[in-house]
There are 2 protein chains.
Amino acid sequence: MSLIGTKWKPLVLFHLLEGPLRSGVLQKKVPEISNKMFTQTVRELETYGLISRKVFPVVPPKVEYRLSARGKSLGPILQSLDQWGFEDCGLS
Amino acid sequence: MSLIGTKWKPLVLFHLLEGPLRSGVLQKKVPEISNKMFTQTVRELETYGLISRKVFPVVPPKVEYRLSARGKSLGPILQSLDQWGFEDCGLS
DNA sequence: GCAATAACTTACTTAAAAGTACTATAGTTG
DNA sequence: CAACTATAGTACTTTTAAGTAAGTTATTGC
């Protein structure tokens, strides 16, 4: 379960639950993430087949990320985790 | 969510879902874990209030771990994760 | 009195994750 | 033609997680 065994993957997946987002927007939803970790994270999620990456050949570049079917199947789990985090106060 | 953001915490919690276990038994359920990481993991889980630790003042020592109410509330999530891991093949 | 026991601890080392800072791309705008 | 854009890559450092190996405790049983 190296999907959740990182600081950022669950967060990124979580923000995609509501729908596809382009790279910049997604990254702004996770303000503390460094540029490097962001691309690294989405690349790994893509490798695992949890999200798909769609590149529009325009300038400046435009890239959109969306959950794959497999990624969507994580939805309930991510939401449970999120909810659990709120219910049971600050664990950090 | 530093509960799952580690290699061992989810595993240890998972094994406690079925009921309390004494230290040695729990550790054997996770054979690859090092001695140090085991105690460190249960200590942190205890600090987070997810498990409770019961010491029997006998020699040789006997210690039992059980999920707290809060730990139990993670049950469904842990099981979903476990199931998800099986369904969707090898992710490492 | 010395080994065995179960649970832990401590000091030290290695490996993995994350952060910082800088560079690349290629059209568009001024 | 230089600056700006959005996305990504790379080299290097720091931080954090995990592993190894040894030691501690207090009793029992030989």
Side-chain angles (χ1 to χ4, degrees), chain A residues 1-16 19-68 81 90-92, chain B residues 1-16 19-48 50-68 71 81 90-92:
Chain A
M1 315 207 156
S2 59
L3 319 147
I4 47 173
T6 72
K7 193 168 175 182
W8 303 116
K9 290 200 193 91
L11 261 177
V12 168
L13 287 171
F14 187 77
H15 287 300
L16 284 175
L21 289 174
R22 57 180 303 188
S23 188
V25 178
L26 178 54
Q27 187 166 354
K28 270 169 206 120
K29 296 229 176 200
V30 193
E32 327 86 36
I33 200 174
S34 69
N35 181 252
K36 177 196 146 190
M37 285 315 294
F38 176 70
T39 41
Q40 187 177 308
T41 299
V42 290
R43 283 301 152 85
E44 286 176 16
L45 289 173
E46 194 192 4
T47 302
Y48 291 162
L50 294 174
I51 64 177
S52 69
R53 183 164 175 273
K54 190 173 179 184
V55 182
F56 299 83
V58 297
V59 164
K62 175 177 174 181
V63 177
E64 206 176 73
Y65 295 101
R66 66 181 62 225
L67 290 183
S68 68
L81 277 171
L91 9 116
S92 154
Chain B
M1 316 205 154
S2 59
L3 319 148
I4 46 172
T6 72
K7 193 167 171 182
W8 302 116
K9 289 200 192 89
L11 260 176
V12 168
L13 287 172
F14 187 77
H15 287 300
L16 284 175
L21 290 174
R22 60 179 301 187
S23 189
V25 178
L26 178 54
Q27 187 166 354
K28 272 167 206 122
K29 297 229 175 201
V30 193
E32 328 84 37
I33 199 174
S34 71
N35 183 253
K36 176 196 146 190
M37 284 316 294
F38 176 71
T39 40
Q40 187 177 309
T41 299
V42 290
R43 284 301 154 85
E44 286 176 17
L45 289 173
E46 194 192 4
T47 301
Y48 292 160
L50 294 174
I51 65 178
S52 70
R53 183 161 174 275
K54 190 173 179 183
V55 181
F56 299 83
V58 298
V59 163
K62 174 176 174 181
V63 178
E64 206 177 72
Y65 295 102
R66 67 180 62 222
L67 290 183
S68 68
L81 277 172
L91 10 115
S92 146

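Quantities reported herein were computed from a predicted structural model and do not represent experimental measurements. By convention in this document, chain letters (A, B, ...) are assigned in the order of the sequence lines, proteins followed by strands, and residues within each chain are numbered from 1.
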In whole angstroms, how far is the P atom of dA6(D) from the CG atom of Leu26(A)?
15 Å
Whole angstrom is fine here: how far is it from CD1 in Ile33(B) over to C1' in dA17(D)?
12 Å
Output the distance between atom OG1 (Thr41(A)) and atom CG (Leu11(A)), rounded to the nearest 0.5 Å.
9.5 Å
Identify which nucleotide among dA6(D), dT7(D), dA26(C) has an atom closest to any side-chain atom of Val59(A), counting heavy atoms from C-beta outward.
dA26(C)
Think Arg43(A) has a side-chain N or O under 4.0 angstrom from the OP1 or OP2 of dA8(D)?
yes
Ignoring the backbone of Pro61(B), work out which of dG9(D), dA6(D), dA6(C) is nearest its side chain.
dA6(C)
When the distance from CD of Glu32(A) to C1' of dT15(D) is rounded to whole Å, what number comes out?
17 Å
Using modelled atom types only, decide if a donor and an acceptor are shared between the side chain of Ser68(A) and the backbone of Gly49(A) within a distance under 3.5 Å.
yes
Nearest listed nucleotide, side chain of Ser23(B), among dC8(C), dT20(C), dA18(D)
dC8(C)
Rounded off to whole Å, could you give me the CH2-to-P distance for the Trp8(B) and dA15(C) pair?
16 Å
Check every atom of dG19(C), dG9(D), dT7(D) against the side chain of Asn35(A) and return the nucleotide holding the closest atom.
dG9(D)
Check whether any side-chain nitrogen or oxygen of Arg53(B) sits under 4.0 Å from OP1 or OP2 of dA7(C), and answer yes or no.
no
Specify the residue among Gly24(B) and Pro60(A) whose closest nucleotide of DNA chain C lies further upstream toward the 5′ end.
Gly24(B)
Taking all atoms of both residues into account, what is the closest heavy-atom pair of Arg53(B) and Val55(B), and its distance?
NH1-CG2, 3.8 Å
Measuring from the side chain of Thr39(B) (C-beta onward, heavy atoms only), which nucleotide among dA6(C), dT9(C), dA26(C) has the closest atom?
dT9(C)
How close or far is atom C1' of dA18(C) from atom CD of Gln27(A), stated in whole angstroms?
14 Å
Could you check how far CE of Met37(B) sits from P of dA15(C), rounded to whole Å?
16 Å
Of the nucleotides dT7(D), dT10(D), dA18(D), which one has an atom closest to the side chain of Lys36(B)?
dA18(D)
Of the non-hydrogen atoms in Glu64(B) and Pro20(B), which two are nearest, and what is the gap between them?
OE1-CB, 3.9 Å
Figure out the CD/C1' separation between Gln40(B) and dA17(D), and round it to whole Å.
8 Å
Lys9(A) NZ to dA17(C) P, in whole Å, measures 8 Å
Using a cut-off of strictly less than 4.0 Å, decide whether Tyr65(B) has a side-chain nitrogen or oxygen near OP1 or OP2 of dA7(C).
no
Is any side-chain nitrogen or oxygen of Lys7(B) closer than 4.0 Å to OP1 or OP2 of dA16(C)?
no
Earlier contact from the 5' end, DNA chain C, for Thr41(A) and Arg22(B)
Arg22(B)
OG1 (Thr39(A)) and CD (Glu44(A)) are apart, to the nearest 0.5 Å, by 10.0 Å
